[in-house]
Amino acid sequence: MWKRVSTLSPFLFSSKSTSLARAGHGWNACGSPAMDLPFSVNYASSLRDKTPFITFVLGGPGSGKGTQCEKIAETFGFTHLSAGDLLRKEMNSNSEERTTILNIIQDGKIVPSAVTVKLIMKAMESSDSDKFLIDGFPRTEENRIAFEQIIGLEPKAVLFFDCPEEEMVQRVLNRNQGRVDDNIDTVKKRLKVFETLSLPVIDYYSKKGKLHKINAVGDADEIFEQVRAVFDAPEVTI
Ligand SMILES: Nc1ncnc2c1ncn2[C@@H]1O[C@H](COP(=O)(O)OP(=O)(O)OP(=O)(O)O)[C@@H](O)[C@H]1O
Ligand SMILES: Nc1ccn([C@H]2C[C@H](O)[C@@H](COP(=O)(O)O)O2)c(=O)n1
Ligand SMILES: [Mg+2]
C-alpha cells in the first residue's frame, strides 16, 4: 500500500506557472536542499488518488539505466519516464527555461527540482498507467524531498545500477547519440555530482530497506536477470 508522506503546502494549489527564475528562489543547480518550494502546482492531488506503483532507477552516468528500463517496461508493463529525456525535450522546445536547462546539463550539474518534478508530474498525469519507472531521479536529496512534497508519494522500490567509473566513462563516450553531455569534460563533472549528491540518496533508500543493488557490469541480458528477480520477488508485488 502506498504511503502518503506529507500534506501539500497551501502554495501548491495556486495557478502560477513555473520558471527557472522563480525556481531560483530557495534552490540551486547543485542540489542543496531547500524546503520552501518556489512554484505552484495544482494537479498533485489527482496523482495521489491514483496511488501508482513507482520505481526509482538510479546509477551513475552510463551505468545502463535507460537500457534496463526499456527491458523492464517491456517485460513488466511499466511506463518508462526518464528525467533526462524530459529535460532534453524541454530544452529542445520553445520553453523559456530551455537555455538554462542546456547550460546546466552541459555543465554536468542538476536542474532545480521544481522544474524536473513538474515535468515528471505532467508526464504521470497525462498517462493512463499506474506503474512508473522514473529513470535518473531523484539525483539529489533536494530532488527526493521535492517529489515527496509535491506528489506526496514514495517509491515502492529503488533500483541502483552499480558500475565502475571507468566502465561508465567508456559507455558514455561510445554512446554516439549526439547528447551535449557525452564528452569527457562533462562526464567527469557528472561523476563528481553523482558521488557527492546522488550517493546520499542511494544511502537513504538503502537505510529504508527499499534499495535493490544491481551489478551493472556484463551483458545487458545477464544484468536484466538480476532485475527480473527483483520484480518477481513476493515483497515487490507489482
Ligand atoms: N551492459 C552493458 N554493457 C555494455 N554497454 C552497455 C550496457 N548497458 C548499456 N550499454 C550502453 O552504454 C551506453 C549507456 O547506457 P544507458 O544510456 O542505458 O545508460 P544510462 O545509465 O541511462 O546513462 P545516462 O545517465 O547518461 O542517461 C549506451 O550506449 C548503451 O547502449
Ligand atoms: N533528476 C535529474 C535528471 C537529469 N538531470 C539532468 C542532468 C543530467 O546530467 C542530465 C542527463 O540526465 P540522464 O539522461 O543522464 O538521466 O539531465 C537533472 O538535472 N536532474
Ligand atoms: Mg539514461
Side-chain angles (χ1 to χ4, degrees), residues 20 23 27-32 56-73 80-92 97-98 100-121 123 133-147 150-151 155 158-198 200-202 214-227:
L20 273 180
W27 304 81
N28 65 47
C30 291
S32 305
F56 288 153
V57 181
L58 307 179
S63 58
K65 300 180 294 298
T67 303
Q68 294 297 322
C69 280
E70 283 180 23
K71 292 176 182 291
I72 301 166
H80 174 202
L81 298 180
S82 156
D85 285 350
L86 291 170
L87 287 166
R88 280 185 286 275
K89 194 172 166 202
E90 189 76 355
M91 188 176 91
N92 291 319
E97 288 147 5
R98 65 187 183 278
T100 313
I101 294 172
L102 170 65
N103 289 337
I104 291 172
I105 287 180
Q106 265 178 335
D107 205 22
K109 291 185 177 161
I110 301 296
V111 173
S113 302
V115 174
T116 312
V117 172
K118 186 185 121 185
L119 293 173
I120 292 171
M121 191 157 47
L133 287 173
I134 306 187
D135 165 5
F137 185 96
R139 284 278 227 287
T140 64
E141 280 288 280
E142 185 208 82
N143 271 183
R144 180 183 68 71
I145 292 163
F147 187 91
I150 295 168
I151 299 189
V158 179
L159 301 181
F160 165 41
F161 289 96
D162 187 25
C163 195
E165 284 200 1
E166 318 81 70
E167 175 73 16
M168 291 194 276
V169 171
Q170 281 314 308
R171 289 183 189 178
V172 165
L173 296 182
N174 290 332
R175 181 156 42 191
N176 220 6
Q177 289 176 359
R179 279 177 50 164
V180 294
D181 52 350
D182 280 356
N183 60 76
I184 190 65
D185 290 343
T186 309
V187 170
K188 281 183 185 166
K189 291 177 187 170
R190 295 179 69 202
L191 287 169
K192 188 78 191 151
V193 165
F194 175 71
E195 191 185 320
T196 55
L197 299 178
S198 305
V201 178
I202 288 161
I214 308 290
N215 175 8
V217 180
D219 178 78
D221 288 332
E222 286 167 13
I223 295 166
F224 182 66
E225 290 312 309
Q226 297 176 62
V227 175

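Read the numbers this way: they start at 1 and go in the same order the structure lists the ligands and their atoms.
Heavy atoms of Asn174 found under 4.0 angstrom from ligand 1: none, in either backbone or side chain. Under 4.0 angstrom from ligand 1, the non-hydrogen atoms of Arg190 all belong to its side chain. Residue-level proximity to ligand 1 for Arg179 is carried by the side chain, the only part with a heavy atom below 4.0 angstrom. Of the heavy atoms in Ile105, only side-chain atoms (C-beta onward) come closer than 4.0 Å to ligand 2. With a 4.0 Å heavy-atom cut-off, ligand 2 is reached by no atom of Thr140. By the criterion of a heavy-atom distance under 4.0 Å, neither the backbone nor the side chain of Val193 is placed next to ligand 2. Looking at Arg179 against ligand 2, only its side chain comes within 4.0 Å, counting heavy atoms.
Below 30°, between 30° and 60°, or above 60°: for Phe56 and Phe137 the angle between ring planes is above 60°, a perpendicular geometry.
Looking only at heavy atoms of the protein, atom 9 (O) of ligand 2 is closest to Arg190 NE, 3.1 Å. Counting protein heavy atoms only, atom 7 (C) of ligand 2 is closest to Lys109 O, 3.3 Å. Scanning the protein heavy atoms around atom 26 (O) of ligand 1, the nearest turns out to be Arg175 NH2, 2.8 Å. Regarding atom 14 (O) of ligand 2, its nearest protein heavy-atom neighbour is Arg88 NH2, 2.9 Å. With respect to atom 22 (O) of ligand 1, the closest heavy atom belonging to the protein is Gly66 N, 3.0 Å. Among protein heavy atoms, atom 3 (C) of ligand 2 sits closest to Gly136 O, 3.2 Å. Summary of contacts: the protein heavy atom closest to atom 8 (C) of ligand 2 is Arg139 NH2, 3.6 Å.
Of the listed options Gly136, Gly59, Ala83, Gly218, Gly218 places a heavy atom closest to atom 1 (N) of ligand 1. Atom 5 (N) of ligand 2 has its nearest heavy-atom neighbour, among Leu87, Val180, Val115, Val111, in Leu87. Proximity annotation for atom 8 (N) of ligand 1: of Met168, Arg171, Glu167, Arg171 comes nearest, heavy atoms only.
When each atom of ligand 2 is checked for a heavy atom of Phe137 under 4.0 Å away, the hits are 1 (N). Of all atoms in ligand 1, numbered sequentially from 1 with element shown, those under 4.0 Å from a heavy atom of Gly60 are 21 (O). Within ligand 1, the atoms closer than 4.0 Å to a non-hydrogen atom of Pro61 are 25 (O), 26 (O), numbered from 1 in the order shown. Listed by atom number, the atoms of ligand 1 under 4.0 Å from Ala220 heavy atoms are 1 (N). Every atom of ligand 1 is numbered from 1 in the order shown, and the set under 4.0 Å from a heavy atom of Ile223 is 1 (N).
Any N or O atom pair closer than 3.5 Å counts here, and Lys65 shares no such pair with ligand 2. At least one N/O-N/O distance between Thr67 and ligand 1 falls below 3.5 Å. When only interatomic distances are considered, the shortest N/O to N/O separation between Gly62 and ligand 1 falls below 3.5 Å. An N or O contact shorter than 3.5 Å is missing between Val172 and ligand 1 by distance. Below 3.5 Å of separation, one finds an N or O of Gly64 facing an N or O of ligand 1. For ligand 1, the polar-atom distance check finds an N/O of Lys65 within less than 3.5 Å of one of the ligand's N/O atoms.
Checked against side chain to side chain donor-acceptor pair (under 3.5 Å), Glu165 has no partners two or more places apart in sequence or in another chain.
Looking only at side-chain heavy atoms (C-beta outward), Gln68 and Val57 stay at 4.5 Å or farther from each other. The shortest side-chain heavy-atom distance between Ile72 and Leu159 falls under the 4.5 Å cut-off. Inter-residue side-chain proximity for Asp107 and Asn103 is flagged as unmet; no heavy-atom pair is nearer than 4.5 Å.
Shown are Arg175, Arg171, Arg88; of these, the salt bridge (charged side-chain N to carboxylate O under 4.0 Å, His left out) with Asp182 is made only by Arg175.
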